[in-house]
Amino acid sequence: MTARPILGAGMNWAERHRPKDLDDIVANPTAVAELRKWAAAWQRGRPDKKAVILQGLPGIGKTSAALALAKEMGWSVVEMNASDSRNAEAIRKVATRGAVLQTFSDSGEFLRADQGGRKLIVLDEADNVFGREDRGGIGAIVETIQTSGQPIVLIANDYYGLTRRSSSLKRLSKTIKFQPIHDDAMKNILRTIATEEGVEAASEVLDVIVERSSGDLRSAINDLESLAIGKDTVRGTGTKALGYRDRERTIFPAIEEILRSGDARRAKDAATGLDESPEDLILWVDQNLGHEFGRPDDLARGYDALSRADVFLGRARRRQSFGLWSYAKELMSSGVASARKGRGRGGQLEFPYYLIQMARSRAQRGARTSLATKLARHLHVSRTLVLDELLPTIRMLFQGDEELRVNLTATLGLEDAEVALLMEEPESSHAVKHLLEKAALVAGSRATESKEGSLPAFDEDESDAA
Amino acid sequence: MKEIWVEKYRPKTLDEVVGQDEIVERLKAYAKEANLPHLLFAGPAGTGKTTSAMALARDMFGENWRQNYYELNSSDERGIETVRTKVKEIARLAPFGGTSFKIIFLDEADNLTADAQAAMRRTMETYSKTSRFILSANYSSRLIEPIQSRTAVFRFRPLKPEAIREYVSRIAKAEKLKITDEGMEALVYVAEGDMRRAVNSLQVAASLGPAIDADVLYKVASTIRPEEVKKLIEKALEGEFLRAREVLDRLLIEYGLSGEDIVRQLHRSVFDLNVPDESKVRLLDRIGETDFRLTEGSSERIQIEALLAHFALIGQDLSKK
């Protein structure tokens, strides 16, 4: 069993800024509301589903929500996670302790389970109850749900991994899904944390952190903390990214050796002397290689070496065998250095902008993907085909005919960012707003019709198949 | 109600499907007997694979066909997890309304990874009582042997000009359009046997005005085809590597295409390039290598840049001659 660390100094930021109250969990309001509803049912007696499964990607607030719920309800917490042994025996032990034993509450008050002091049993990383090591674990969980008089929260990243092992588990539990944290929300949270920690963080830096996190708030907070250690400002700097400014001082001379020395040994030494992972270094070489190598044969040879280096990085990542990094590092340094036969172009070295551009365009790419998904389903084709081939056609039809535009927006339930992409107008434009209003009217009148059963079957969304 | 014509005029029954007469005959027999082996529909885009599957389901199950027809697209989610979870979950569902099985249409099945295909094979066997699969693929050879051997294979050919003319005329009549003879020939030409492209071109042309002639159609054809990839190749061949890279970044960042999408389009355009055959073969080899590396999880930008550098090298050889 894991003891909760004492709140306060010495903890990492992710732990220190863990939301304490359900109201602080701002990014998943629907999930929080469902969780409250379930807890309220416990106040009235026993709900139909004694357990909930909180499902969602790592770092988006599932554990925080469970703990905050217990606090709000005045329940004490009995917690187990993957680091504990969770065979049938261990789970039964915890369950009975939760259900029967008397304990002190957090405030030191003496509580007895049979006098209404409820205990929330929290089984973290429930999808990691493995068959072999944790023998009978799933069965014991099911049994606990069936026999225990206490509320149980199961937390899982991989819902299928959990429920496919036991259909009764699925039947006995209510599932609440947590969504990854939206970019804007995450940026706000990071900004607040930075302020509370007395650190000034530039907006561009936060953008890059958010991009890298893919909705995982905990990893984003860890990134922010690691950048801010020992500093009171985290700035985008002249080159606007993850504290790269300090790194330019050391990276640029090494890039010069790689691209301009023409000497395999010197290039290798420069790369080895850097405190950079090859995953990062390759971005800098890539950005500058195209500028520096003028002759097409040099460029082709240089990129052959660089792309081979990239292949090794991929292998290292996939197999988690980072010994392969040495080949990658040599190929991207010596390999590139020895590729140039002609003269270099010289000139100012550049920061790898690609990452930042990717970060900035993330919201737009998200809208493009969701638009493509909706169109793909409507047109019975793949998303790739929509993006690859059909989008220009649909865009012309959409822009050319208002009635079609309104119908399509209503039928597919398009949102402002998606409509903006099809109209090629800004999201905030009058044209986009006007269209969404009209589409809402059409959708509204269709909803009334469908109650009367007049909606043709062929127009139905087959979302049940997706 | 105005909508996209490829949906509005999609044939509803097997009788309405044009240009695939032999296939339709066989499918009708299945519908009549209300029995079905697992099927594999192989053939290029826009030849009626999805349409035939939907029409078959409708003919077989009648009014409430949608309750027993599921459609999944493999190119968007092609890993083994999809097969283990989604496909399996659907496959094990009991069919509705007293029919003995339901139909699961797995589009672009040739995009499933080998692992996923292997998992499919078991799923097809285990649940064949409640589920019959129709797999669609551009290339049947990209499906593993065990799957090919478990399915009845139907080869869809590019649609003949008569079939395209027949269907387009039906739409023109319903929409009260006037297509000139030259316009019809142009439409058949730009369609290249792909009915979806024919109907899309027609609808875009119709949105520009009521008279549909060859000029309008060629104009439409050039505007609705994505040109960015062409620009990418042009710049690279001209030796403008940095310009080409800008286009590449735009495709990856603004257009949101995946590296594999771009490589596939590069592949498609190689044979239209104005370079000697020997260079085409060299490029094909490079493109194939790039494609493979991307499937292994390499970085799309660096790998495609390396490919562009080879386009530039071939461009230089050409300009020397």
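Labels below follow one simple rule: chain letters A, B, ... track the order of the sequence lines, proteins then strands, and each chain is numbered from 1.
Side chains of A:H380 and B:N73: no donor on one and acceptor on the other come within 3.5 Å. A donor-acceptor contact closer than 3.5 angstrom is absent between the side chains of B:E7 and A:H378.
Under the 3.5 Å distance criterion, the side-chain polar atoms of B:R10 are matched with a main-chain donor or acceptor of A:L379. Judged purely by atom type and a 3.5 angstrom limit, B:R245 has no side-chain atom pairing as donor or acceptor with the backbone of A:G290. The main-chain N or O of B:S298 is never found under 3.5 Å from a side-chain atom of A:R317 such that the two would form a donor-acceptor pair.
The shortest side-chain heavy-atom distance between B:E305 and A:L299 does not fall under the 4.5 Å cut-off. A 4.5 Å side-chain heavy-atom check between A:S307 and B:R293 finds at least one atom pair inside the cut-off. A:T393 has its side chain out of reach of B:R197: every pair of non-hydrogen atoms, C-beta onward, lies at least 4.5 Å apart. Taking the side chain as every heavy atom from C-beta outward, B:L313 and A:P296 approach each other to under 4.5 Å.
For B:L242, the part sitting under 4.5 Å from any heavy atom of chain A is the side chain, from C-beta outward, and nothing else. At a 4.5 Å heavy-atom cutoff, A:L289 makes no contact with chain B through either its backbone or its side chain. Both the backbone and the side chain of A:D286 come within contact range of chain B, judged by heavy atoms closer than 4.5 Å. At a 4.5 Å heavy-atom cutoff, the contact between A:Q287 and chain B is made by backbone and side-chain atoms alike. There is no contact between B:L307 and chain A, counting heavy-atom distances below 4.5 Å. Neither the backbone nor the side chain of A:L313 comes within less than 4.5 Å of any heavy atom of chain B. For a residue to count as touching a neighbouring chain, one of its non-hydrogen atoms must lie under 4.5 Å from one of that chain's; by this rule B:S299 touches chain A with backbone and side chain alike.
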Verdict with supporting geometry, B:E3 and A:L397, side chain to side chain contact (heavy atoms under 4.5 Å, CB included): CA-CA 9 Å; B:E3 50 189 312; A:L397 294 175; over 6 Å; no
Verdict with reasoning, A:L404 to B:Q203, per side chain to side chain contact (heavy atoms under 4.5 Å, CB included): CA-CA 12 Å; A:L404 183 138; B:Q203 189 175 11; 3.5 Å; yes
Residues A:D304, B:R286; criterion salt bridge (charged side-chain N to carboxylate O under 4.0 Å, His left out); working and verdict: CA-CA 10 Å; A:D304 277 347; B:R286 297 290 320 180; 3.2 Å; yes
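Atom CG of residue A:N407 and atom NZ of residue B:K2 lie 9.5 Å apart, to the nearest 0.5 angstrom. Between A:D310 atom CG and B:L294 atom CG the span is 9.0 Å, to the nearest 0.5 Å. Rounded to the nearest 0.5 Å, atoms CZ (A:R318) and CD (B:E296) are 5.0 Å apart. Of the inter-residue distances, the one linking A:D297 atom CG with B:H310 atom NE2 reads 10.5 Å to the nearest 0.5 angstrom. The distance from the CZ atom of A:F398 to the CD1 atom of B:I4 is 9.0 Å, given to the nearest 0.5 Å.
Each of A:R301, A:R405, A:H291, A:R315 has some count of heavy-atom pairs under 4.5 Å with chain B, and the biggest count is that of A:H291.
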